[in-house]
Amino acid sequence: MASPLRRAARAAFPATIPILAGFTFLGAAYGIYMTSLGFHPIFPILMSFFIFAGSIEFITANLLLMAFAPFQAFLLAIMVNARHLFYGLSMLEKYHSVGKKKLYLIFGMCDESFSINYTAKPDPTIDKGWFMFFVTLYNHMYWVGGSTIGAVLGQFITFNTDGLLFVMTALFVVIFLENWLQEKRHTSAMIGLVASVAALMIFGANQFVIPAMIGILIILIAFRKPLERREVKPF
């Protein structure tokens, strides 16, 4: 019989296959973009490994070419990744009893890992802590691998990478649809959609993400008990 660690690794891999496709193309675009700016291939490879935050890595490429301004860079990173504050709050209970794996889970919690680990329901015989660990590890490996491919290829080929960022949007659409099909009730999903559309109309396309997340968080907290009762209510 396979060890708990191997079983968790095998169970986690299928859940990350959509991420493999998205991160390979987007990571490659990032690697090519970095080399097109004149950076040595080692830069995107190390940045993808240690930063592991796609949007910030693209921004960092330009920051490295500008005047040294650490405070502004810090504020920009906080603004771009502020959504992770809400991810962390949502995962407090799930990360509570995973032991030392929590350190890596916190470091590697990107949008995609959060989406999978928060919604996935592995077999009860699978260790959930190791399952989340391998989901995070696989996604991390995919991003580093894609960036490495792009960094290497970027030395030999050049082409316009405009439009490749649509991969990330398509990736989230696929994850949303998969979760929608798995759910018996779609109350939480509808709350997210309505809050996001409302925030988009009020704050605009460049500023709606954080207000939308705040609205979703407030609604889910306010109606937590009725929603939980509805989820367990038999048909």
Side-chain angles (χ1 to χ4, degrees), residues 16-88 103-116 135-175 200 203-213:
T16 64
I17 290 178
I19 315 301
L20 170 61
F23 273 15
T24 298
F25 286 101
L26 192 57
Y30 166 66
I32 293 173
Y33 176 66
M34 283 287 290
T35 54
S36 70
L37 295 177
F39 289 99
H40 190 278
I42 196 63
F43 277 83
I45 295 173
L46 292 178
M47 287 169 62
S48 62
F49 183 84
F50 288 106
I51 299 178
F52 190 37
S55 54
I56 280 296
E57 290 177 46
F58 277 95
I59 294 172
T60 302
N62 292 308
L63 291 177
L64 291 174
L65 298 175
M66 298 168 60
F68 182 62
F71 183 68
Q72 287 85 341
F74 173 77
L75 289 180
L76 182 60
I78 292 294
M79 291 173 61
V80 171
N81 287 316
R83 64 189 184 281
H84 287 261
L85 295 172
F86 301 98
Y87 295 170
L103 296 176
Y104 179 69
L105 289 172
I106 293 173
F107 162 76
M109 187 173 61
C110 61
D111 298 329
E112 294 74 18
S113 296
F114 167 78
S115 298
I116 295 174
V135 165
T136 305
L137 178 63
Y138 288 148
N139 290 342
H140 193 180
M141 292 170 57
Y142 302 154
W143 181 250
V144 175
S147 300
T148 301
I149 292 172
V152 174
L153 293 179
Q155 300 179 91
F156 307 102
I157 60 174
T158 57
F159 61 90
N160 192 341
T161 59
D162 291 344
L164 283 180
L165 293 181
F166 85 97
V167 174
M168 187 65 74
T169 302
L171 187 62
F172 279 113
V173 172
V174 171
I175 292 174
L200 178 63
F203 298 98
N206 295 325
Q207 305 291 337
F208 83 99
V209 175
I210 301 303
M213 289 187 172

For S147 against Y30, the heavy-atom pair lying closest together | OG-CD2, 3.5 Å

Contact summary for F58 and L26, nearest pair of heavy atoms = CZ-O, 4.2 Å

Least distance between heavy atoms, A151 atom then I45 atom | CB-CG1, 4.3 Å

Which heavy-atom pair separates L20 from T24 by the least distance, and what is that distance?
-> O-OG1, 2.6 Å

More than 12 heavy atoms from other groups under 6.0 Å of CZ on F107 | yes

Heavy atoms only: give me the nearest L64-F39 pair and the separation to one decimal.
-> CB-CZ, 3.7 Å

Spell out, as yes or no, whether a donor-acceptor pair under 3.5 Å connects the side chain of E57 to the backbone of F52.
-> yes

On a heavy-atom basis, the closest approach of N139 and F23 is O-CD2, 3.3 Å

For the side chain of S113 and the backbone of M109, is there at least one donor-acceptor N/O pair under 3.5 Å apart?
-> no

Take V152 and T35 through the test side chain to side chain contact (heavy atoms under 4.5 Å, CB included) and record every step on the way to the result.
-> CA-CA 9 Å; V152 174; T35 54; over 6 Å; no

Angle class for the Y104/H140 ring planes (parallel below 30°, perpendicular above 60°, tilted otherwise)?
-> parallel

I would like to know whether F114 and H84 meet ring pair (Phe, Tyr, Trp, His ring centres under 6.0 Å); could you show each step before the answer?
-> CA-CA 9 Å; F114 167 78; H84 287 261; 8.6 Å; no

